[in-house]
Amino acid sequence: MSTISTPPVQSAPKLVSTIQNLIHQKDGVLTQELIRQPGSFGLGQVPARLKPDATTDMVCGYCATGCSLRIHLKEGEAVNLSPTSEYPVNLGMACPKGWEALSVLDAPDRATQPLRRNALGDLEPVTWDTALGEFCDRFKSIGEAYGPESIAFLSTGQMVTEEMAFLGALAKFGMGILHGDGNTRQCMATAATAYKQSFGFDAPPYTYQDFEESDVIFLVGSNICIAHPIMWERVCRNKNSPEIIVVDPRRTETAMAATSHLAIKPKSDLSVFYALAHILIREDWIDRPFIDASTSGFDEFVAFVQQYTPERAAEASGVDVEVIESVARKIHEGKRVSFWWTMGVNQNYEGVRVAQSLINLALMTGNIGRPGTGANSITGQCNAMGSRIWSNTTGLLGGRYFQNAEHRHEVAEVLEIPVERIPTEDSWPYHKIIEGIRTGEIKGLWILCTNTAHSWINQSDTRELLDKLDFLVVQDMYHTTETAQQADLVLPAAGWGEKEGTFINSERRLGIVKRVRRPPGEALPDFAIFRLIAEYWGCGELFRQWTSPEAAFGLLKELSRNRPCDITGIDDYAALDHAGGAQWPCTEPVANVEQQRRLFTDGRFYHDDARANFLWDETRAMPEQPDEEYPFLLLTGRGTASQWHTQTRTGKSPVLRKLYPANIYVEMHPADATLAGIANYDEVSVRSRRGELAATAFVTPTVQRGQLFIPMHYEETNRLTLPHFDPHSHQPSYKDCAVNIQPLHEEARR
């Protein structure tokens with residue numbers, strides 16, 4: 001006869017204790033996660049498991065605001081972070097991307113070893129020796145068969161300055177590549193070109209303190225509330241109760257917070273800004289002494305803008321004459337007026353002249369070189385400013401010119417290389433390199449730290465062209481990007497926080513990046529990859545001085561000497577770190593230099609005559625106007641503060657993914673939606689002459705009638721965009737193309 005065992009009966013006190021422990025556990029994994037301890041180092045309380053034993057500061061690797069983050073270290077490795085409280089950029093603040101900067105380094109799809117496409121079409125792991133042998137053998141074979149101009153590279157504003165300078169020197173002086181450009185062509189080429197033509201050098205004149213010191217802030221195509229939230233925080237610190245004038249077709253978050261919003265028709269900016277100049281001249285609201293002493297071309301500009309009356313601007317823009325007149329008066333009455341722009345101006349088929357129309361307004365009113373003033377381009381990527389001066393792509397190192405013999409000799413002398421190694425002609429810009437694949441002139445392409453197959457305009461065509469290449473190499477942190485998936489060879493690169501160097505932010509401030517994590521697997525810093533390639537290629541002796549990023553920084557210092565971007569006052573990384581960053585120019589010891597400095601305080605510019613130029617052109621119509629078949633105009637831009645570019649990194653953070661819609665959406669005006677039979681959250685099809693996508697409709701009055709808006713971060717967006725470019729900067733105009741939108745009914749979905 002068997003017996004059945006029963007659990008012992010617990011006493012009442014013990015039973016109560018067991019129940020209490022279930023309700024409020026004092027031990028266990030989840031409980032331990034919540035335990036906090038004093039963090040030391042001024043950090044307050046931190047999770048016990050993340051309590052640091054040291055901290056260090058370095059700049060963030062997302063946007064060009066250039067915030068400083070305090071990295072919490074445990075046994076030499078970064079375990080957490082918080083904003084640096086005393087840094088002059090962010091003053092203790094960080095956006096969601098900055099808070100999550102470390103988490104994306106742990107993504108499971110990191111590229112951890114070289115990958116080569118095999119005979120079956122699959123990417124398979126190979127050794128670094130095999131990968132670099134393949135890299136050199138195939139690129140050399142292409143060069144021998146088709147000439148050195150048949151190989152090109154596309155770089156990035158995401159790498160540290162020392163790496164992009166090394167890449168440009170290696171590719172052009174060592175490997176003999178002529179054509180190379182960067183993805184800063186997609187965001188900042190317009191501003192760089194406008195500054196060069198107007199001021200004589202690519203020189204953003206401002207410091208972020210100007211956000212706090214203006215009494216009129218004029219923002220054009222710039223939704224800084226979400227695109228650059230720390231800059232918006234600086235605006236919110238302004239104690240002058242400033243007039244905030246936003247010029248943007250959409251009622252963006254920034255426009256909602258403004259005192260005035262000019263909801264212009266897309267691409268009517270030039271007409272409006274020329275009309276503002278017309279009014280200021282008509283009313284004699286100009287700074288004639290400054291104009292006479294510091295500018296050239298003003299009288300001719302006066303004659304030109306006579307035709308751009310407020311009435312003409314009102315017809316072009318849809319903004320009332322009275323509003324345009326009122327804005328001109330506000331500019332006149334402001335004692336410190338600052339003009340700011342970003343992608344809404346830069347990504348424009350006439351963007352250079354729009355940027356210069358704002359520069360013209362600053363010059364003619366004397367609003368430059370003083371606190372709270374300036375014609376100020378807000379940069380996009382973390383090191384786009386470094387790319388503009390030091391990438392050695394379409395301009396020679398240090399803002400020099402390949403066609404200038406004196407400039408070539410200066411570079412050759414500092415780098416101790418034969419001057420004959422330096423090309424005497426300019427590279428093709430990005431879009432001509434892509435077009436060169438179509439014509440068969442480009443056979444091999446090396447893409448670094450950018451996602452061309454996602455981000456380039458008219459995406460489907462771009463992907464077809466990448467497939468035509470004889471050899472495509474992608475060097476990236478992740479092996480899953482759309483571009484890496486098309487590659488013949490993938491080289492695994494370290495990311496931000498896994499290497500060292502410097503970034504240059506929007507206000508010209510150099511900041512330090514440090515190695516606070518080990519790269520995963522066999523991934524290497526880009527600098528180390530370039531050193532290996534130089535040796536495998538057989539040109540290593542040319543780069544014997546490039547022993548480390550800090551050694552490269554020393555070369556850049558010398559190359560900057562007597563240039564507008566002179567940084568010879570910065571001894572080394574330690575000095576820069578101790579000073580909390582430094583704006584160029586910095587010719588005195590960095591510890592002695594003021595942290596908030598503006599350019600042109602003396603009214604002298606970088607042209608040979610020390611004057612700034614007034615520049616202009618007639619306005620032009622959009623090349624693809626809405627019509628009966630494609631009745632809507634598509635706008636693209638930043639979606640949220642938690643998304644970044646192609647989501648290569650932000651998409652890896654569970655926290656950031658919760659802060660924006662997972663699936664692509666399209667914003668549409670309620671009246672248009674009613675006529676089209678589209679309700680909020682309906683699935684719709686958006687189609688252009690180049691492609692089609694399915695999206696969720698978001699019905700909102702923040703877009704005007706006849707317009708649609710789709711965030712640029714989603715993979716599908718650039719299926720639709722029209723490939724057209726500014727003639728001066730060669731920057732793509734992403735923000736205007738004709739589209740149709742239709743409900744995507746159940747039968748069509750099936």
Side-chain angles (χ1 to χ4, degrees), residues 61 75-79 101-139 153-156 158-160 162-164 166-167 170-171 174-175 444-451 471-501 513-540 543 546-552 648-649 651-652:
E75 298 178 357
E77 287 272 313
V79 294
L102 287 173
S103 69
V104 303
L105 299 178
D106 299 323
D109 61 342
R110 287 294 302 271
T112 59
Q113 53 192 326
L115 302 172
R116 181 179 63 178
R117 197 167 299 280
N118 61 25
L120 298 175
D122 300 321
L123 288 171
E124 63 179 7
V126 294
T127 66
W128 270 107
D129 180 65
T130 299
L132 294 173
E134 179 98 350
F135 178 98
C136 295
D137 290 345
R138 294 192 64 178
F139 273 142
F153 67 96
L154 294 173
S155 179
T156 179
Q158 299 287 140
M159 289 193 299
V160 295
E162 295 79 358
E163 288 178 341
M164 61 177 59
F166 193 2
L167 168 64
L170 168 64
M175 299 168 63
L445 186 60
W446 183 14
I447 297 180
L448 306 97
C449 197
T450 188
N451 193 5
F471 190 45
L472 172 62
V473 178
V474 171
Q475 189 167 316
D476 207 298
M477 289 174 63
Y478 304 99
H479 64 80
T480 54
T481 70
E482 290 85 357
T483 312
Q485 289 301 298
Q486 290 189 250
D488 299 296
L489 184 68
V490 176
L491 302 180
W496 170 91
E498 298 169 346
K499 55 187 176 181
E500 62 181 2
V513 176
K514 300 174 183 176
R515 178 172 172 164
V516 295
R517 284 276 187 94
R518 294 181 181 87
E522 299 175 25
L524 294 172
D526 295 282
F527 196 93
I529 296 173
F530 302 149
R531 289 198 68 196
L532 287 170
I533 289 172
E535 295 301 328
Y536 274 74
W537 194 274
C539 60
F543 304 101
W546 301 73
T547 55
S548 68
E550 190 158 13
T648 301
R649 285 184 292 167
K652 307 296 188 292

### Message
Is any side-chain heavy atom of Pro114 closer than 4.5 Å to one of Pro492?
### Response
yes
### Query
What distance do Gln475 atom CD and Thr483 atom OG1 have between them, rounded to the nearest 0.5 Å?
13.5 Å
### Task
Measure the acute angle between the ring planes of Phe471 and Phe139, then classify it against the limits of 30° and 60° as parallel, tilted or perpendicular.
perpendicular
### Task
Over all heavy atoms of both residues, which pair between Pro520 and Arg110 is shortest? Give the atoms and the distance, please.
CD-NH2, 3.4 Å
### Task
List in chain and number order the residues that pass side chain to side chain donor-acceptor pair (under 3.5 Å) with Thr450, two or more places apart in sequence or in another chain; answer none if no residue qualifies.
Asn183
### Task
Evaluate the ring planes of Phe530 and Phe166, with Trp represented by its six-membered ring, and classify them as parallel (under 30°), tilted (30 to 60°) or perpendicular (over 60°).
perpendicular
### CG-CE distance between Asp109 and Met477, expressed to the nearest 0.5 angstrom
9.0 Å
### Task
Measure the spacing between OG1 of Thr127 and CG of Leu132 and express it to the nearest 0.5 Å.
8.5 Å
### Query
Heavy-atom distance under 4.5 Å between the side chains of Ile533 and Met175, does that happen here?
yes
### Task
Kindly indicate whether the side chain of Leu167, heavy atoms from C-beta on, has any atom under 4.5 Å from the side chain of Asp526.
no
### Task
Please name the pair of heavy atoms, one in Val126 and one in Ala131, separated by the smallest distance, quoted to 0.1 Å.
CG2-CB, 4.1 Å
### Task
Indicate the atoms forming the closest heavy-atom contact of Arg649 with Gly61, along with that distance.
NH2-O, 2.8 Å
### Query
Residues two or more places apart in sequence or in another chain: which of them pass side-chain contact (heavy atoms from CB on, under 4.5 Å) with Ala101?
Tyr62, Leu69, Leu81, Trp496
### Task
Could you note down all residue pairs passing salt bridge (charged side-chain N to carboxylate O under 4.0 Å, His left out) where residues 113-132 supplies at least one of them, sequence neighbours left out?
Arg116-Glu134
#### Entry: Trp128 side chain to Leu532 backbone, donor-acceptor under 3.5 Å
no
### Task
Provide the closest heavy-atom pair for Ala523 versus Ala494 in the form atom of the first, atom of the second, distance.
CB-N, 4.3 Å
### Task
Just jot down the side chain to side chain donor-acceptor pair (under 3.5 Å) partners of Thr112, sequence neighbours excluded, or say none.
none
### Message
Tell me if a side-chain donor or acceptor on Thr481 pairs with a main-chain N or O of Asn451 at a distance below 3.5 Å.
### Response
no
## Note on the structure
Separation between CG (Leu472) and CG (Leu489), nearest 0.5 Å, reads 9.0 Å
### Within-4.5 Å side-chain heavy-atom neighbours: Val474 and Gln485
no
### Query
What closest approach, in Å, do Gln158 and Cys449 show between heavy atoms, and which atom pair accounts for it?
CB-SG, 3.6 Å
### Task
For residues Lys652 and Tyr478, determine if any side-chain heavy atom of one lies less than 4.5 Å from a side-chain heavy atom of the other.
yes
## Note on the structure
When Met159, Glu163, Glu498, Glu500 are each screened for side-chain contact (heavy atoms from CB on, under 4.5 Å) with Pro525, the one that passes is Glu163
### Message
Once rounded to the nearest 0.5 Å, what's the spacing between atom CG of Asp488 and atom CZ of Arg138?
### Response
5.0 Å
### Query
Who are the salt bridge (charged side-chain N to carboxylate O under 4.0 Å, His left out) partners of Arg531, not counting sequence neighbours?
none
### Query
Going from CD1 on Ile447 to CZ on Phe153, what distance comes out if it is rounded to the nearest 0.5 angstrom?
12.0 Å
### Partner residues of Asp476 under the side chain to side chain donor-acceptor pair (under 3.5 Å) criterion, sequence neighbours left out
none
#### Entry: Cation-pi geometry met for Lys499 and Phe527 (6.0 Å, 45°)
no
### Atom of Ala552, atom of Trp546 and distance for their closest heavy-atom approach
CB-CE3, 3.6 Å
